[in-house]
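Accompanying notes for the structure given below.
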Amino acid sequence: MGEQFQGKVALVTGGGAGIGRAAALAFAMERANVVVSDIMVKGGEETIRMIREAGGESIFIKTDVSQQSEVEALILKAIESYGRIDYAFNNAGIGQPPALTADYDKSAWDSVISTNLTSIWLCMKYEIPQMLKQGSGAIVNTASGAGLFGVPTMSSYSTSKHGILGLTKTAALEYARAGIRVNAVCPGPISTEGNKAYVAVHPELEAKFTEMSPMKRFGTPEEIAAAVLWLCSDAASYVTGIAMPIDGGQSAQGFTVE
Ligand SMILES: NC(=O)c1ccc[n+]([C@@H]2O[C@H](COP(=O)([O-])OP(=O)(O)OC[C@H]3O[C@@H](n4cnc5c(N)ncnc54)[C@H](O)[C@@H]3O)[C@@H](O)[C@H]2O)c1
């Protein structure tokens, strides 16, 4: 990607594992300074160790993205450390145990909505003022294929991911003339720590996820990271407000008559 990321500042939430770690590493390989944040200290510190070992520059800031004061402190610390935020990958999220809508529990609902959806709004609430000061910035939010379709037994997860797309498009329109682009990625099934743990508890899902994809395989975290970097890059300078599926063709299919 040339020199465009060199010396720029990328913030990644949920950077201690999976898609977030792959994106943090990808930003670092392009020589951006990377602020890795995660609720999990071990994973976050491991990511910055990997970045530093590869010759990159990174700091870790422990953050629970569902907590307003922690998100505010994260953004302040990132700016204090590197002076600006050029790219924000708001990615931290959790799944939900399968349950029918009417059987679901209010506290589980609240936890998924605050961790997956309110968190993205909180991140943008504090990232955007800094980007407005700079007159530039690119934000990528992690939604999901579950943000494009209803998914039986995943009401809170699917709702949170649909909500992220509403938020992404709204912010994209609000700040389109201010030099800030806001997009979302919608991954299909990706082989991450989070997904592996989920499939370990529900083993029947492994074959289901593979079958669902026209490519008949899981995606890799690096395949999502590549799209995130492209969305942040100058090559995407006219791209804002999109929900980009990265799913091996899953969202292209309707029903089959084969
Ligand atoms: N893996 C998939 O198949 C898939 C598919 C579609 C969307 N997604 C989305 O991609 C994102 C990343 O998922 P992943 O598969 O890499 O998961 P993962 O579990 O491997 O990594 C997620 C990271 O987020 C962190 N995290 C969780 N709650 C947090 C909180 N409250 N505050 C800060 N950090 C927190 C975790 O500690 C973990 O390090 C999520 O938003 C997820 O919903 C994943």
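Both counts, for ligands and for their atoms, begin at 1 and track the order of listing.
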Smallest separation among heavy atoms of A24 and I51, with atom names: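 Heavy atoms of A24 and I51 come nearest at O-CD1, 3.8 Å.
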Any idea which atoms of ligand 1 are less than 4.0 Å away from a heavy-atom of [X]?
X: G18; result: 16 (O), 20 (O)
X: I19; result: 10 (O), 16 (O), 44 (C)
X: T142; result: 9 (C), 10 (O), 11 (C), 41 (O)
X: T115; result: 28 (N), 31 (N)
X: I94; result: 27 (C), 28 (N)
X: A17; result: 20 (O), 21 (O), 39 (O)
X: G194; result: 18 (P), 19 (O), 20 (O)
X: M40; result: 37 (O), 39 (O)

Which residue owns the protein heavy atom closest to [atom], what's the atom, and how far is it?
atom: atom 37 (O) of ligand 1; value: D38 OD1, 2.6 Å
atom: atom 5 (C) of ligand 1; value: G188 O, 3.2 Å
atom: atom 40 (C) of ligand 1; value: N91 O, 3.3 Å
atom: atom 29 (C) of ligand 1; value: I39 CG2, 3.7 Å
atom: atom 43 (O) of ligand 1; value: Y157 OH, 2.7 Å
atom: atom 33 (C) of ligand 1; value: T63 O, 3.1 Å
atom: atom 14 (P) of ligand 1; value: T192 OG1, 3.6 Å
atom: atom 3 (O) of ligand 1; value: N195 ND2, 2.6 Å

Would you mind reporting whether [Y] and [X] have side-chain heavy atoms less than 4.5 Å apart?
X: T13; Y: T63; answer: no
X: Q250; Y: P245; answer: no
X: N195; Y: F209; answer: yes

Between [X] and [Y] (salt bridge meaning N to carboxylate O under 4.0 Å), is one present in this structure?
X: E193; Y: K42; result: no
X: R49; Y: E46; result: yes
X: K125; Y: E72; result: no

For [X], is the nearest heavy atom under 4.0 Å from an atom of ligand 1?
X: K196; answer: no
X: A143; answer: yes
X: P189; answer: yes

Nearest heavy atom to atom 30 (C) of ligand 1: which of V71, I246, V65 does it belong to?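 Answer by nearest heavy atom: V65.
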In Å and rounded to the nearest 0.5 Å, what is the [atom1] to [atom2] distance from [X] to [Y]?
X: M212; Y: D247; atom1: CE; atom2: CG; result: 9.0 Å
X: S213; Y: Q253; atom1: OG; atom2: CD; result: 7.5 Å
X: E80; Y: I59; atom1: CD; atom2: CD1; result: 9.0 Å

Take atom NZ in K62; do more than 12 heavy atoms of anything else shown fall under 6.0 Å from it?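 Yes.
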Hey, can you tell me if Y87 and F27 have their rings parallel, tilted or perpendicular (30° and 60° cut-offs)?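 Y87 and F27: parallel rings.
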K161, any N or O under 3.5 Å of ligand 1 N or O: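 In this structure, K161 places an N or O atom under 3.5 Å from an N or O of ligand 1.
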Is it the case that ligand 1 has an N or O less than 3.5 angstrom from some N or O of D64? yes
Do Y104 and S155 pair up side chain to side chain, a donor and an acceptor below 3.5 Å, judged on atom types alone?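 There is no such pair (donor and acceptor under 3.5 Å, judged by atom type) between the side chains of Y104 and S155.
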